[in-house]
Amino acid sequence: MANVEHGGRAGNAFGTGAAETARERLRAVRIGLWLIAAVLAIRQVAVVLSTPKGERLTDLETWVGTNGVLHVKGSLYDSTQFTGTPFGGLVLKPLTRAAEQALGWAWTFGTLSLVVALGLVAARALPQPVSRRTSLLAAPVAISLLMLSLPVRNTLYLGQTSIIPVLLVLLGCFAVRGERASGVLIGLAAALQPAVLLFAPLLWFTGRRRAARSTGITFAGLTALAWAAMPHDSYTYWVHHLAGVGLGKNADDLANQSLHGALLRLGLTGPLEIGLFLLLGAAVAVLGLRRAVRYAKDGQLLLAVALTGCVAVAVSPTTWQHQLLWVLLAVVGRVGRKTSDRYMWPVAVILVMTLPAKMMLPNMAALYPLRDNVVLLAALAAATVVPFLSRTSEYYRKPIPTEYAQPVPTRFERVPLLPFLGRVLTRPNLLLELLLIRVGYSAYQQVRLAATGGTNAGGRATAEHHGDQILAIERFLHLDIEHWANHAVVKVGFLRDFFDFYYESFHFVVPLTVLGVLYARRPADYRWARSALGFATLLALVGFWLYPLAPPRLMPGLGVIDTVHGVQDFSKPDYGTLTALTNQYAAMPSLHFGWSLWCGLVIAILAPKWWMKALGLLHPFFTVSAIVATGNHWVLDAVGGAAVVGAGFGLTYLLQGPRPRTPMKPVKGGAVSTKEPVPVTGRTPS
């Protein structure tokens with residue numbers, strides 16, 4: 001967040017007005033962010049409380065419900081459902097009756113209050129100095145991110161207490177006065193979640209040795225108290241289950257994002273797995289804690305706390321999904337010398353912590369080890385390898401600025417609405433682009449799958465009804481050529497093979513190739529073209545959602561031959577609705593044609609030679625022929641695809657302005673050269 005500049009001196013009306021305008025904008029942004037945080041909180045509460053009673057707060061019900069383990073007279077761990085420490089059981093057991101009464105509203109709102117407190121403490125703990133804008137906006141942003149994160153959502157839904165140790169550590173490090181009180185809070189957190197004991201070395205090596213001793217003494221005292229009160233349970237937890245291993249879900253479950261869980265998922269077992277886990281855990285602990293100490297001495301204590309928490313995530317025998325908030329706190333680290341690189345790390349962390357892993361990586365067997373351990377990998381990266389900037393670095397507060405092209409004049413006063421977006425000359429970070437493309441495509445797939453809604457049979461009936469509507473419109477306009485084109489192509493073998501191949505092969509290859517070439521050769525044009533494609537795809541998703549449509553090949557009685565998928569069985573009530581990969585009724589508008597038209601227009605506009613432009617325009621021609629001839633789309637689907645592409649370019653123009661032109665540099669003889677762009681550093685006024 002950039003600093004707010006306060007321009008003007010006393011008596012300077014222009015400077016005073018500019019400063020007042022900046023304050024008004026900041027106040028409006030702050031109110032908007034708090035409203036977003038409130039809406040997210042209300043949504044999370046509504047999701048929990050609207051879930052049937054037997055399906056929500058299941059972990060809490062398992063602990064303190066009528067038949068919960070805390071009512072059992074024997075061991076807490078007889079059923080392996082209670083995963084907390086013996087001290088946690090000792091604390092919870094007297095509260096059983098009150099907790100039973102609090103199941104639902106009170107427990108949910110209590111957890112919500114803890115989340116808000118956690119966000120406020122984290123916002124106040126940002127490394128100094130921070131700008132006024134950052135100090136005002138950090139709290140609502142932090143709370144919003146926490147509400148969106150998977151650990152908090154799981155905690156609210158399951159009725160877990162995993163937020164408490166994180167909050168205790170942050171309070172101990174940033175809120176209370178005195179090292180002894182700080183150590184007591186962190187020791188209490190360790191008694192509830194033993195991996196938190198790793199904060200003791202952080203305190204010791206950063207000069208807070210009294211706090212470190214207090215942490216150890218508090219942890220030992222509370223654990224001994226629990227052992228004296230519950231010796232059998234303590235032996236079961238610390239010795240038999242090796243600090244909780246094997247409690248709850250199986251240790252190799254995907255929810256266990258620790259090194260131990262990852263090694264088990266890779267197929268390693270027995271002494272080999274245990275030895276490798278201990279070796280890797282020790283290496284991660286040493287490297288991670290050394291880095292944490294370094295950043296703490298650098299004045300970035302919140303980052304140091306986050307890195308220590310990431311080490312705890314990795315080296316704990318079991319780290320369930322609701323215990324992974326430490327990784328989200330690592331978002332405060334600054335990475336990259338360039339402004340364009342500064343967003344890569346926080347965006348990657350936020351995506352990892354807010355989206356399911358299957359949305360981050362494609363559903364390919366070769367990528368399963370990455371997909372199944374994506375949060376662990378983020379924790380390991382933060383703890384050991386991510387090159388966070390030191391506060392003494394010249395790039396910490398002033399990264400290398402982005403280069404901007406000169407603004408292109410427009411006919412409209414308020415165009416562009418976001419002028420800085422359309423004039424960036426440097427290419428964006430490749431990893432960030434690939435990550436966002438993958439997440440965007442996953443969202444695209446999810447919307448397609450959810451478009452039919454309700455039952456499969458109901459979705460099919462609606463889609464076929466819409467198909468009848470489209471056919472009636474085409475007959476009125478004399479555009480109903482699908483049956484004729486399909487049967488004409490089927491009779492000619494090489495044409496059928498050609499259009500089948502074209503339909504299956506070029507839908508993704510050509511757009512990705514165009515994007516790749518532009519990224520490498522024309523960065524500014526890449527941003528313009530990518531934005532237009534993104535807007536067009538978003539608009540198409542709205543069409544898929546609002547108007548599920550059966551393509552000609554799935555219309556019973558029409559007689560269209562599905563040349564790509566083979567003979568269809570319309571007698572099956574679920575045929576043609578949702579499959580494992582895609583929604584067959586996402587036909588209007590046709591992104592097959594829309595993306596091809598986008599490719600053709602971009603090539604026609606940017607290609608330097610006429611034959612390249614002509615070749616680019618052939619792609620949408622062959623695509624529209626293929627989608628109609630194979631029976632996969634109506635002619636009006638292609639019209640819809642053209643409409644969303646036109647709207648995508650229109651939105652890009654509205655928000656970013658005209659396509660940035662390469663600045664021309666004067667050369668000898670009065671001519672101009674376009675070989676060397678003349679960048680404009682920083683933002684230029686619109």
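Residue numbers count from 1 along this sequence.
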Report all side-chain donor-acceptor pairs from residues 615-631 shorter than 3.5 Å, counting only partners two or more places apart or in another chain.
residue: His619; atom: ND1; partner: Tyr502; partner atom: OH; Å: 2.7
residue: Thr623; atom: OG1; partner: His619; partner atom: O; Å: 2.8
residue: Ser625; atom: OG; partner: Phe621; partner atom: O; Å: 2.9
residue: Thr630; atom: OG1; partner: Ala626; partner atom: O; Å: 2.7
residue: Thr630; atom: OG1; partner: Asn632; partner atom: ND2; Å: 2.9

Query raised in the report: For the residue pair Phe388 and Trp345, does the interplanar ring angle fall in the parallel (under 30°), tilted (30 to 60°) or perpendicular (over 60°) class?
Result: perpendicular
**Report entry** Full working for side chain to side chain contact (heavy atoms under 4.5 Å, CB included) between Phe498 and Val489
**Finding:** CA-CA 10 Å; Phe498 171 76; Val489 167; over 6 Å; no
**Report entry** Residue pair Tyr396 / Arg342: nearest heavy atoms and the distance that separates them
**Finding:** O-NH1, 3.4 Å
Query raised in the report: Can you tell me how far the CG atom of Leu324 sits from the CD atom of Gln257, to the nearest 0.5 Å?
Result: 6.5 Å
Query - pair Asp341-Val335: side-chain heavy atoms closer than 4.5 Å - result: no
Report summary line: CZ of Phe499 to CZ of Phe494, rounded to nearest 0.5 Å, is 9.0 Å
Requested in this report: Please name the pair of heavy atoms, one in Leu150 and one in Val352, separated by the smallest distance, quoted to 0.1 Å.
Outcome: CD1-O, 4.4 Å
Report task. Return the minimal non-hydrogen interatomic distance between Leu636 and Glu474, and the atom names on each side. Result -> N-OE2, 3.0 Å
**Report entry** Taking every non-hydrogen atom, the tightest pair across Ala607 and Lys613
**Finding:** O-NZ, 2.8 Å
Query raised in the report: How long is the span from the CG atom in Asp637 to the CG atom in Leu591, to the nearest 0.5 Å?
Result: 10.5 Å
Query - Leu40 vs Leu146, side chain to side chain contact (heavy atoms under 4.5 Å, CB included): CA-CA, chis, key distance, verdict - result: CA-CA 10 Å; Leu40 290 173; Leu146 287 170; over 6 Å; no
Report task. Return the minimal non-hydrogen interatomic distance between Glu482 and Val635, and the atom names on each side. Result -> OE2-N, 2.9 Å
Query raised in the report: Arg337 side chain to Glu394 main-chain N or O, any donor-acceptor pair under 3.5 Å?
Result: no
Query raised in the report: Any sub-3.5 Å donor-acceptor pair from Thr339's side-chain atoms to Ile400's backbone N or O?
Result: yes
Query raised in the report: Short question: side chain of His633, backbone of Ala638 - any donor-acceptor pair under 3.5 Å?
Result: no
Report task. Could you give me the CA-CA distance, side-chain angles and deciding distance for Tyr653 and Trp528, then say whether ring-ring contact (aromatic ring centres under 6.0 Å, His included) is met? Result -> CA-CA 9 Å; Tyr653 180 88; Trp528 163 77; over 10 Å; no
Requested in this report: May I ask you to check whether Thr537 and Trp595 show a side-chain donor-acceptor distance below 3.5 Å?
Outcome: yes
Query raised in the report: Could you walk me through whether Met555 and Val560 pass the side chain to side chain contact (heavy atoms under 4.5 Å, CB included) check?
Result: CA-CA 8 Å; Met555 287 294 292; Val560 171; over 6 Å; no
Query raised in the report: Which heavy atom in Ile561 sits nearest to a heavy atom in His487, and how many Å separate them?
Result: CD1-CE1, 3.9 Å
Query raised in the report: Going through the distances and angles, do Phe535 and Phe649 end up as a side chain to side chain contact (heavy atoms under 4.5 Å, CB included)?
Result: CA-CA 8 Å; Phe535 287 134; Phe649 280 109; over 6 Å; no
